[in-house]
Amino acid sequence: MKKFLVVNAGLAALMGSSMAEAGFSPYYAGAAIGASKNNGNEAQFCDECTGSQFTMHKKNTGGAKVHKVYAGVNLNPVFGVEAEYANLGDTYAIDMYRPEFGIPGGRAEYAKARQKTRGIGLSAKANHRITRKTSVYGKAGALAWENKNRMDYTNLDNISETYKSTDRGVSPTIGLGIEHEVTDRISIRAGWDRTFDTGKGDRFLELDSSKNVTDLHSVKTDTDMIYVGATFNF
C-alpha cells in the first residue's frame, strides 16, 4: 500500500511539473462548509430499551453544520486526485425518554446519544468542462474515519452519568459537484458527497441483563453532505 501511494504521488508530481512548464498549474486547495444528514433511526439505539419513547434529535432531521478542507492535483484536463479532511458532525443522534411506570409527567430516565464523525479521505476525480469557465465533476474514493461516541444519561433519581467510546474504520465515498472559475486563481464549487456505513455495528448501546450499560458502539449510517466552497489554484 505504501509503495502504491509513493508511485502515484511520483506520477502526479511528474505530470504536474510538465503541465506547469506548459503554462498551467494543476494544483489546488480549498475549504467548504455545508450541512449533513444521515439515515439513522430509533431501532439502532438499543435492543433492550423496550417501552421507551424516542424522538430524533433535530440535527438528524434539520441537518448538522459541517466543514471540510481539501487539496488535489489535476493529472490532465479530465482526471485528478483529491485528498480531504472532513468533519461530518453528528452521523447518529437520538434522544431517549423513559417515564417511570410508563406514565409521562413524573420521574423519568433520559439519554442523549451522539456519534460524531471526522476523517481523512482520498478520491479519484473526473472533470467535464461544460463552458469555458464552468465544469462538473464526479468523485469516488474512501474515508478513513474516527467516531467519538457519547451518551449522557440521567436516572430516575436525577443522577447523571456520561459514557464515551471511540471507533475507527474506512468507508467508501462518492460525490458530484459543479465548479466555476471566478479568476485564473480562484474558483467556487458546490457539491454533494455521500459516505457509506460510518460505524461499526447495528446498535449504539449495549446493556446487560440488569439493564446496566456495558458498552457503546458507533452504528452504521449513510451520511450525505451538501456544501459550498472556494478553491485556490496554484
Side-chain angles (χ1 to χ4, degrees), residues 1-37 63-89 91 116-148 168-196 198 223-234:
M1 183 63 179
K2 289 183 178 179
K3 185 179 291 185
F4 173 80
L5 293 174
V6 169
V7 170
N8 278 275
L11 289 174
L14 288 172
M15 296 185 72
S17 298
S18 63
M19 294 174 76
E21 289 173 2
F24 172 72
S25 179
Y27 305 104
Y28 64 89
I33 59 173
S36 70
K37 188 174 182 180
K65 294 179 181 178
V66 296
H67 62 271
K68 67 177 178 175
V69 293
Y70 53 88
V73 56
N74 293 310
L75 304 178
N76 57 48
V78 177
F79 295 109
V81 178
E82 185 170 296
E84 68 178 18
Y85 164 81
N87 186 329
L88 301 180
T91 53
K116 295 182 180 292
T117 302
R118 61 182 181 177
I120 297 174
L122 183 66
S123 298
K125 183 169 175 274
N127 308 292
H128 176 67
R129 191 166 290 277
I130 55 177
T131 71
R132 189 172 67 88
K133 288 184 173 292
T134 304
S135 60
V136 293
Y137 61 85
K139 300 189 301 174
L143 182 76
W145 48 260
E146 178 184 74
N147 283 343
K148 294 290 188 180
R168 295 178 179 86
V170 178
S171 295
T173 62
I174 58 173
L176 297 171
I178 185 168
E179 194 154 18
H180 179 73
E181 297 172 10
V182 179
T183 69
D184 290 341
R185 295 292 186 185
I186 299 174
S187 60
I188 56 175
R189 65 163 63 177
W192 161 82
D193 290 344
R194 169 166 285 191
T195 306
F196 298 91
T198 52
T223 301
D224 293 314
M225 177 181 181
I226 299 175
Y227 61 88
V228 293
T231 303
F232 180 76
N233 305 286
F234 56 94

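Residues take their numbers from the sequence shown, with the count starting at 1. What you see is a predicted model; the values in this text were computed from it and never measured.
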Next item on the list: Check whether more than 12 heavy atoms from other residues, nucleotides or ligands sit under 6.0 Å from atom CD1 of I174, and answer yes or no.
Entry: yes
Item checked: Minimum heavy-atom distance between S171 and W145, given as atom pair plus value -> OG-NE1, 2.7 Å
Checklist line | Separation between NZ of K148 and OG1 of T91, rounded to the nearest 0.5 Å | finding: 13.5 Å
Item checked: Closest contact, heavy atoms only, L143 versus G121 -> CD1-N, 3.6 Å
Checklist line | Contacts of type side-chain contact (heavy atoms from CB on, under 4.5 Å), residue R168, not counting sequence neighbours | finding: E146, T166
Check: From K68 NZ over to D193 CG, what is the distance, rounded to the nearest 0.5 angstrom?
Finding: 3.5 Å
Next item on the list: Would you check if the side chain of S123 reaches a backbone N or O of K125 as a donor-acceptor pair within less than 3.5 Å?
Entry: no
Check: How about R129 and N127: do any of their side-chain heavy atoms sit closer than 4.5 Å?
Finding: no
Note to self: Just verifying a value: how many Å separate K116 NZ and N87 CG, rounded to the nearest 0.5 Å?
What the structure shows: 8.0 Å
Notebook entry, point to check: Minimum heavy-atom separation for V69 to A31, with atom names?
Noted result: CG1-CB, 4.0 Å
Next item on the list: Say whether, by atom type as modelled, one donor and one acceptor occur between the side chain of N147 and the main chain of T198 under 3.5 angstrom.
Entry: yes
Notebook entry, point to check: Atom CZ in R194, atom CD1 in I226: separation rounded to 0.5 Å?
Noted result: 10.5 Å
Check: Would you say the side chain of L122 lies within less than 4.5 Å of the side chain of V81, judging by non-hydrogen atoms?
Finding: yes
Next item on the list: Could I get the full list of side-chain contact (heavy atoms from CB on, under 4.5 Å) partners for T231, not counting sequence neighbours?
Entry: Y28, Y70, E179, S187, R189, N233
Note to self: Using a 3.5 Å distance criterion without hydrogens, assess whether the side chain of T117 forms a donor-acceptor pair with backbone atoms of L88.
What the structure shows: no
Checklist line | N76 (side chain) donor-acceptor with F79 (main chain) under 3.5 angstrom | finding: yes
Notebook entry, point to check: Which pair of heavy atoms, one from L176 and one from G138, lies closest together, and at what distance?
Noted result: CD2-CA, 4.1 Å
Check: Short question: side chain of T195, backbone of T173 - any donor-acceptor pair under 3.5 Å?
Finding: no
Note to self: V66 and side-chain contact (heavy atoms from CB on, under 4.5 Å): which single residue from R118, M225, K37 fits?
What the structure shows: M225
Notebook entry, point to check: Taking everything shown except I178 itself, do over 12 heavy atoms lie less than 6.0 Å from its CD1?
Noted result: yes
